[in-house]
Each structure stands twice: as C-alpha cells, then as structure tokens.
Chemist: 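Quick one: the structure is below, questions incoming.
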Amino acid sequence: MLVLLYAGAAAATTGCWYGLASVDGAAGWFAWVGRLTGLLAGYACAVLLGLMSRVPALDRGVGTDRLARWHALSGRYTIVLSTVHVVFATAAHVARSGTGVLRGTVGLILDGPAVLEATIGFGLLSGVAVISVRAVRRRLRYETWHYLHLLTYGAVFLAFAHQLTGPDFAGGAVASTLWRALYVSVAVSLVWYRFLTPVRRALRHRLRVAGVRLESPGVVSVYVTGEHLGELGAEPGQFFRWRFLAPGMWWTANPYSLSAPANSRFLRITVKAVGDHSRALARLRPGTRVWAEGPYGALTAARRRKPQVLLIGGGVGISPLRTLFETLPGQVTLVYMARRDEDLVLRHELDSIAAARGATVHYTVEELSGASGGRTVPLTGRALRTLIPGLAVHDVYLCGPTGMTTAARHALRRAGVPNRRIHVESFDF
C-alpha cells in the first residue's frame, strides 16, 4: 500500500523533474520549489481524504487504526508542503514583479489564478491542524473536534481550482484529466461509503435497541436487533460506528467492537463509561433507533498465520477478543489484564467458552483481592514466556488501552514474537 502511495507521488511530480534542467536564477529556483511542493501538497490532499473514505477493501486489508495513523501523518505532510509552497511561490512572484514583500503578496492573493480561494483553503487546513495537535485535542470534546475536522473537505475543495492553474496542468490535457480523475475517484468513494452507504443500510436493516444490561460498575452491554442482520457480514473482532437516535446522542457516531459473534437475532457491544457518549448508553431505552456504519477493522481471523494464538486484552478492550476467543479454531490462550477484580467484565462468559473448547484463560489484576482468581503478571518478555510456553511461535492479538498495548508489544518482541505476528487494534483515531 505504501509503495503505491509513493509511486503516485513520483508520478504526480514527473513533469516537474523533467523541467529541472531549465531552471535559472533565484526566481526560477523559488518557482521550481513552489511548483514541486504544490504538486506534492495537492497529491497529499487526495491521499488525506482517500485514507478516510472507509472503502471496505482498504479498511480490512490495512486496518482502520493504521489508516488513521497514515491519515494523521499525511495531514502533517500536507501542512508542511503547503506552507513551503506558499512561501516559495510568493517569493518567486515578488522576485519577478520587483515589488515589496507585502505589496507582492497581497497582489498575488487578489490577482493570482484562484489564489484567494486557495488562501482561504490553506487557512482552514491550518486551523484543522491546530485543533489536531494532541495538547489542543485533549481539551476538546470528541464530537467538537470531529465536526471541526470536517472543514478539511472545504479546504481541499477551495484549493482544487488553484491546483489546475499550475504549469503541469494548464497546458496538458492528459495530466489535467488524470488529476481530475484522482480527485473524482476520492470524492465518489467518500460520498458513497461515508454518506450514502450508512443511509442505505439504516433503511435496510432498521436497527433498534433491544435492551441494556449492566455488566459491572460503569460497564454496560447494549443489545441491538433489526432485519437481515446476516447481510452485514460482520466478522469476530470487527467494530461498527454506532449512532443512537436518542436525545443528545444522534449527532455523533462512536466506534465500539462487537462483544459477541454477530448472529441473525442481535448484535452486542460492551462499553465502559469514559465519556458523555459512553455514559449515556446506560440510559438507552428499548426501541431506540440505531444507525451502524461498518463493519470495520482488520483484527480478524484472516491475520492468523500460526495454529497457536495468544489473545491479550486490557479492560473493556476484551470485547473484540471475546468474540475471537469463542470462534478461532485451534489452540487459543487468553490473557485478560485489569486493574481490579471487578473490572474483569464478561468473565462468566469467558470461563464458559474456555470450558467448552478446552482453552486456557489467565486473569491478571493489579490489585489482588481474596475474591480474585487471578494474579499479577508483569508485561515483560520473561514473564510472558513463563506464562505461555512456546510463545515465540504464536500469533498474538492485542486490544486495550494504548499504554498497555505499547508495553505488551515491546514485551512480546523481547520474548521473540516477530512484529508481523503481533496484531493490534486501537481506537485512538
């Protein structure tokens, strides 16, 4: 996938490299750098949107969390390239016109080909970059950040006309056609998969809340029923983006994994109350309408390469692993990590699954109590090798808080598990 993205960047800038030999003087070099970074910024904009288009093949092949990381990285590239393009293109204009910096810049914005629109777009994109900085984002509600993030669409739309005025497109019908095709294909994917498909599926499946069950303090399971559920094609380990049409909840869609294998009667999610949306799930009434976008995620049986599998879950991250624990064939071991004994949600189900299939489940808690049947197992390579004989020849699935999965990944590598057989799902996107 990354090879294709880099190949696309090389193809987009081919004409620029061919013209390098004719560059002369400071103004010429300023213009060439502005041209190169403008092409790369325009290509990065298309990639930026395409990575979040939720095309099923892309999502299942790469993984939603990895696509989100690539999206964030391409956003940084876009901002840097756009900034360099603005600086050097303006410098070239000022050098050629002989005017001062302020007058030349204002003149370029007002009189340049679609430069005013591109300037507004650059401003919007810069604003989105600011609110996406981790320190700023932590101060915003997820819903606020999400809807402000949608300004990216407007920014790219405003800049598109300016892109076509560049020397690589103004006189080249083939290049212009290919560039338009790139953006049209991204736009069609976005409209179809992010907007039309959820509406179509909502009308087809007519999902609604069947009931809510308290699993432990602050953790609830929500049962959702509907029509033609088998057509959703949800695999164990996957998640949906859930939009509950209840007061205060209808305007946001949050990702929650299925905590039981999908069937023709119901879908189930198990959620810990950590924010306004997740806390409100406990107050849902039976019959509440639901829109579910998905299924998404690549933490499925398709990633498995070895007959032995280790599942490591932390807290409510047990949800997708519980479905895999029930359905993966062969030798499966589960390690469930929690802070306290009462945080081990769905424990009775895990014990029943382990007994039914002859599998092993280890509970490890930080704060041991007399009622706990678990023990503390540090996330080190030595401790994991001792707990799981033959660990180096296992496939390992991880899901839980970021700190836990990061520590577990490092420990597994030290225990001899190759990175290609460590499969992680994260919802930090």
Chemist: Tell me yes or no: between the side chains of Thr270 and Ser259, is some donor less than 3.5 Å from an acceptor?
Modeler: yes
Chemist: Without hydrogens or angle criteria, can the side chains of Ser221 and Glu215 be said to hold a donor-acceptor pair below 3.5 Å?
Modeler: yes
Chemist: Closer than 3.5 angstrom, by distance alone: can the side chain of Arg54 be matched with the main-chain N or O of Gly294 as a donor-acceptor pair?
Modeler: no
Chemist: Quick check: do Val224 and Arg208 have side-chain heavy atoms less than 4.5 Å from each other?
Modeler: no
Chemist: Mark yes when over 12 heavy atoms from residues, nucleotides or ligands other than His228 sit less than 6.0 Å from its NE2; otherwise mark no.
Modeler: yes
Chemist: Report yes if some heavy atom in the side chain of Trp291 is under 4.5 Å from a heavy atom in the side chain of Arg201; otherwise report no.
Modeler: no
Chemist: Over 60° means perpendicular and under 30° means parallel, so tell me whether Phe244 and Trp242 are parallel, tilted or perpendicular.
Modeler: parallel
Chemist: Is the backbone N or O of Thr323 less than 3.5 Å from a side-chain atom of Glu326, with the two atoms forming a donor-acceptor pair by type?
Modeler: no
Chemist: Just verifying a value: how many Å separate Tyr43 OH and Leu48 CG, rounded to the nearest 0.5 Å?
Modeler: 12.5 Å
Chemist: Tell me yes or no: between the side chains of Asp351 and Tyr363, is some donor less than 3.5 Å from an acceptor?
Modeler: yes
Chemist: So does Phe266 have more than 12 non-hydrogen atoms from other groups sitting under 6.0 Å from CZ?
Modeler: yes
Chemist: Under a 4.5 Å cut-off applied to non-hydrogen side-chain atoms, are Leu196 and Arg200 in contact?
Modeler: no
Chemist: Any heavy-atom pair between the side chains of Leu398 and His423 that's under 4.5 Å?
Modeler: no
Chemist: Is it true that, when you exclude Phe88 itself, more than 12 heavy atoms of the residues, nucleotides or ligands shown sit nearer than 6.0 Å to its CZ?
Modeler: no
Chemist: Answer yes or no: is there a side-chain heavy-atom contact under 4.5 Å between Leu321 and Leu299?
Modeler: yes
Chemist: Atom CZ in Phe169, atom CZ in Arg180: separation rounded to 0.5 Å?
Modeler: 10.0 Å
Chemist: Would you say Trp70 and Leu67 make side-chain contact, with heavy atoms under 4.5 Å?
Modeler: yes
Chemist: Any salt bridge linking Arg322 with Glu349? Criterion: basic side-chain nitrogen under 4.0 Å from a carboxylate oxygen.
Modeler: yes
Chemist: Of the options Val396, Leu379, Val424, which is the one that meets Arg409 in a side chain to side chain contact (heavy atoms under 4.5 Å, CB included)?
Modeler: Val424
Chemist: Less than 3.5 Å apart, any donor N or O on the side chain of Tyr296 or Arg241 sitting next to an acceptor on the other?
Modeler: no
Chemist: How far apart are the C-alpha atoms of His410 and Thr406, what are their side-chain angles, what is the distance that settles it, and do they pass the side chain to side chain contact (heavy atoms under 4.5 Å, CB included) test?
Modeler: CA-CA 6 Å; His410 292 325; Thr406 300; 3.7 Å; yes
Chemist: Less than 6.0 Å separating the ring centroids of Tyr256 and Phe240?
Modeler: no
Chemist: List the steps, then state whether side chain to side chain contact (heavy atoms under 4.5 Å, CB included) holds for Gln238 with Thr300.
Modeler: CA-CA 7 Å; Gln238 291 191 306; Thr300 65; 3.7 Å; yes
Chemist: Could you tell me whether Tyr77 atom OH has more than 12 heavy atoms of other residues or ligands within 6.0 Å of it?
Modeler: no
Chemist: Would you check if Leu40 and Thr13 make a side-chain contact, meaning some heavy-atom pair closer than 4.5 Å?
Modeler: yes
Chemist: Flag the pair Glu293 and Arg194 as a salt bridge only when some basic side-chain nitrogen lies within less than 4.0 angstrom of an acidic carboxylate oxygen.
Modeler: no
Chemist: Are Arg347 and Asp341 close enough for a salt bridge, meaning some N to O gap below 4.0 Å?
Modeler: yes
Chemist: Are side-chain heavy atoms of Val417 and Val393 found at a separation under 4.5 Å?
Modeler: no
Chemist: Tell me if a side-chain donor or acceptor on Thr14 pairs with a main-chain N or O of Ala10 at a distance below 3.5 Å.
Modeler: yes
